[in-house]
Amino acid sequence: MSTYRDLAHRGSARATVLRTVGTRERRSHLTAPRVNTVGIDIGGTKVMAGVVDPDGNILETLRTETPDKSKSPRVVEDTIIELVLDLSDRHDVHAVGIGAAGWVDADRNRVLFAPHLSWRNEPLRDRISGRLAVPVMVDNDANTAAWAEWRFGAGRGEDHLVMITLGTGIGGAILEDGQVKRGKFGVAGEFGHMQVVPGGHRCPCGNRGCWEQYSSGNALVREARELAAADSPVAYEIIERVKGNVPDITGPLITELAREGDAMCVELLQDIGQWLGVGIANLAAALDPSCFVIGGGVSAADDLLIGPARDAFRRHLTGRGYRPEARIARAQLGPEAGMVGAADLARLVARRFRRANRRRVERYERYERYAEARRSDDRTSQGTV
């Protein structure tokens, strides 16, 4: 017959605790343990890992290329493990948070789909936690970035926040009263695939006219390359800059030329910004947040993009002139936001694991006291016989 001690020390006990606490969602960062955690940000081209303290300060970061998407999920898992073990050689790590560029289920265990990696219904949390000695949290990278901006960046003090990440496409996240709203199936916030132009540009998602086809890094580069390929006179400067090699035109180059005053690049960013404002007005009609935070690589254009977005937002806002307007702010934490947010969310998992583990230890200690009392009674009984 198994004793309490046997059950308390079985190898499966820790995994059971992790599965149990992982399904509960009590969001209270104020009571999370003030410990260092590791955040992992997995994108299509890079994996970034960092140790983050309870105040959002990055103590150390490591970067490596994302393994080719044709490789097995195990290769990406190996990369994550190597980065965590490397950081744990120099830091006391209490939990690991992972922000994945893909759809994560409501239990935050499985990556349902990742466009840049071969993850299809992949149980990432269980696989990683099974190889590490600390609890693991998995979430969508836009959710982790939004959490970081709410905790430490442009969204501090806001009760209702929407984050929009402008990169290759458009990602997003919703926070209300200190909670990330993930939806019934965990995939809320995919704003980039709202249809804004019926029958418009084809989107990789399979539909036409998605918002990200008009306001994203891909949209910006597509328009610039089309003008350059047509040898348009307005594209003379950018054609000269890339020496006629149109595929060399990139988003950062367009932003750089716009800052230098190139009229075409300024106009392209204004177009992207206007479409951004239209989408934000639609989201305001649906969600009514107090603040929109704009992040992602394209947001580096700053007022060249966000200025036109604010103007278009005011023009298209339902009930304009008769309702409060949400604040539109540029994200403050830059490309590290997803990593910082993942690490901070992992602190909540560390708290729950520590509580569950403490209860388990307390039960064991109570049993030991009970067992010792029984042994003492037995010795007493035997001595009187």
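One is the number of the first residue; the rest follow in order along the sequence. Atom set for the values below is all heavy atoms of this structure, side chains included, hydrogens, waters and symmetry mates excluded.
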- Message: Do I294 and L333 sit in one hydrophobic cluster, given that two such residues count as connected whenever their side-chain heavy atoms are within less than 4.5 Å of each other, even indirectly?
- Response: no

- Spatial distance of atom CD1 (I254) from atom CG (L269) [nearest 0.5 Å]: 7.0 Å

- Report the C-alpha distance between R125 and D107 in whole Å, list the side-chain angles of each, state the deciding distance to 0.1 Å, and finish with yes or no for salt bridge (charged side-chain N to carboxylate O under 4.0 Å, His left out). CA-CA 10 Å; R125 185 191 67 199; D107 291 333; over 6 Å; no

- Message: Between D231 and Y236, does the side-chain contact (heavy atoms from CB on, under 4.5 Å) criterion hold? Intermediate values first, please.
- Response: CA-CA 8 Å; D231 204 24; Y236 174 78; over 6 Å; no

- Query: Does R90 use its side chain to pair, donor to acceptor, with the backbone of D86 at less than 3.5 Å?
  - Reply: yes

- All heavy atoms of C265 vs all of I238, minimum pair found to be SG-CD1, 4.3 Å

- Message: Hydrophobic cluster membership, with links at side-chain heavy-atom distances under 4.5 Å among I/L/V/M/F/W/Y: are L161 and I174 in one?
- Response: no

- Message: With a 4.5 Å cut-off on side-chain heavy atoms, are N143 and R182 touching?
- Response: yes

- Message: Between W211 and I164, is the side-chain contact (heavy atoms from CB on, under 4.5 Å) condition met? List the steps.
- Response: CA-CA 12 Å; W211 186 26; I164 299 164; 3.9 Å; yes

Under 3.5 Å, side-chain donor or acceptor atoms of residues 271-288 against the rest of the protein: list the pairs with distances, not counting sequence neighbours.
from : atom 1 : to   : atom 2 : distance (Å)
D288 : OD1    : R323 : NH2    : 3.1

- Message: Would V47 and L83 count as a side-chain contact (heavy atoms from CB on, under 4.5 Å) here? Give the steps.
- Response: CA-CA 9 Å; V47 179; L83 291 172; 3.6 Å; yes

- Item | Sequence neighbours excluded - ring-ring contact (aromatic ring centres under 6.0 Å, His included) pairs with any residue from residues 317-346 | none

- What one should report as the nearest heavy-atom pair of A350 and A95 is CB-CB, 3.8 Å

- Query: To the nearest 0.5 Å, what is the distance between CE (M137) and CG (L124)?
  - Reply: 10.5 Å

- Task: Go through the structure and list residues passing salt bridge (Lys or Arg N to Asp or Glu O under 4.0 Å) with E336, not counting sequence neighbours.
- Result: R63

- Item | Results of side chain to side chain contact (heavy atoms under 4.5 Å, CB included) for R241 - residues two or more places apart only | E237, L253, E256, L257, E260

Counting only pairs under 3.5 Å, give me each side-chain donor-acceptor contact of residues 193-209, with atom names and distances, residues two or more places apart or in other chains.
from : atom 1 : to   : atom 2 : distance (Å)
Q195 : NE2    : R208 : O      : 3.3
R202 : NH1    : G206 : O      : 2.8
R208 : NH1    : G200 : O      : 3.3

- Within-4.5 Å side-chain heavy-atom neighbours: V138 and N109: no

- Message: Using the rule that Ile, Leu, Val, Met, Phe, Trp and Tyr join whenever any side-chain heavy atoms are under 4.5 Å apart, tell me whether F185 and V104 fall into a single cluster.
- Response: no

- D105/R110 ion pair, N-O < 4.0 Å: no

- Item | Main-chain N/O of V96 paired with T37 side-chain donor or acceptor, under 3.5 Å | no

- Message: So D78 and R131, do their side chains get closer than 4.5 Å, heavy atoms only?
- Response: yes

- Message: How about CZ on F113, more than 12 heavy atoms from neighbouring residues, nucleotides or ligands closer than 6.0 Å, or not?
- Response: yes

- Could you tell me the separation between the CD1 atom of I98 and the OG1 atom of T144, rounded to the nearest 0.5 Å? 11.0 Å

- Message: Assigning hydrophobic clusters by single linkage (Ile, Leu, Val, Met, Phe, Trp, Tyr; side-chain heavy-atom cutoff under 4.5 Å), is M48 placed with V38?
- Response: no

- Query: Does any pair with a residue in residues 301-321 pass salt bridge (Lys or Arg N to Asp or Glu O under 4.0 Å), and if so which ones, sequence neighbours excluded?
  - Reply: D302-R330, D303-R310, D311-R314, R314-E325

- Any idea which heavy atoms bring A173 and F191 closest together, and the distance? N-CE1, 3.7 Å

- Output all residues satisfying salt bridge (Lys or Arg N to Asp or Glu O under 4.0 Å) with R127, sequence neighbours left out; order by chain, then residue number. E77, E122

- Item | Distance, nearest 0.5 Å, that separates CD of E176 from CH2 of W150 | 12.0 Å

- pair I40-M339: side-chain heavy atoms closer than 4.5 Å: no

- Look at the side chain of H91 and the backbone N and O of L87, then say whether any donor-acceptor pair between them is shorter than 3.5 Å. no

- Task: Identify the two heavy atoms, one from R259 and one from L304, that lie closest to each other, and give their separation to 0.1 Å.
- Result: CG-CD1, 3.8 Å

- Item | Residue pair A228 / I249: nearest heavy atoms and the distance that separates them | CB-CD1, 3.7 Å

- Message: Quick one, E212 and T168 - any side-chain contact, counting heavy atoms below 4.5 Å?
- Response: no

- Item | With sequence neighbours excluded, residues passing salt bridge (Lys or Arg N to Asp or Glu O under 4.0 Å) with D92 | none

- Task: Answer yes if the side chains of W103 and N140 hold a donor-acceptor pair under 3.5 Å, and no otherwise.
- Result: no

- Within one Ile-Leu-Val-Met-Phe-Trp-Tyr cluster: F152 and V51, side-chain cutoff 4.5 Å: no

- Query: Taking the side chain as C-beta and beyond, is there a heavy-atom pair between I81 and L132 under 4.5 Å?
  - Reply: yes

- V293 and V162, any side-chain heavy atoms less than 4.5 Å apart: no

- Task: For side-chain contact (heavy atoms from CB on, under 4.5 Å), just list the numbers for R151 and R156, CA-CA rounded to whole Å, side-chain angles, deciding distance to a tenth of an Å, and then say yes or no.
- Result: CA-CA 6 Å; R151 286 275 284 124; R156 280 177 294 184; over 6 Å; no

- Task: Sequence neighbours left out, what passes salt bridge (Lys or Arg N to Asp or Glu O under 4.0 Å) with D248? Give chain and number order.
- Result: none

- Can you tell me how far the OG1 atom of T79 sits from the CD1 atom of I42, to the nearest 0.5 Å? 9.0 Å

- Item | Distance (rounded to the nearest 0.5 Å) between E82 CD and L62 CG | 11.5 Å

- Message: Can you list everything that forms a ring-ring contact (aromatic ring centres under 6.0 Å, His included) with H160? Sequence neighbours excluded, please.
- Response: none

- Note on the structure: Closest heavy-atom pair, G56 versus V340, reported as atoms and distance to 0.1 Å, is O-CG1, 4.1 Å

- Item | Flag, side chain of S216 to backbone of Q213, donor-acceptor distance under 3.5 Å | no

- So, do D139 and L345 sit near enough that their side-chain heavy atoms are less than 4.5 Å apart? yes

- Task: Could you tell me which residues satisfy side chain to side chain contact (heavy atoms under 4.5 Å, CB included) with V298, sequence neighbours excluded, listed by chain and number?
- Result: L166, L305

- Message: The criterion is side chain to side chain contact (heavy atoms under 4.5 Å, CB included); which residues satisfy it with D53, sequence neighbours excluded?
- Response: N36, D55, N57, L59

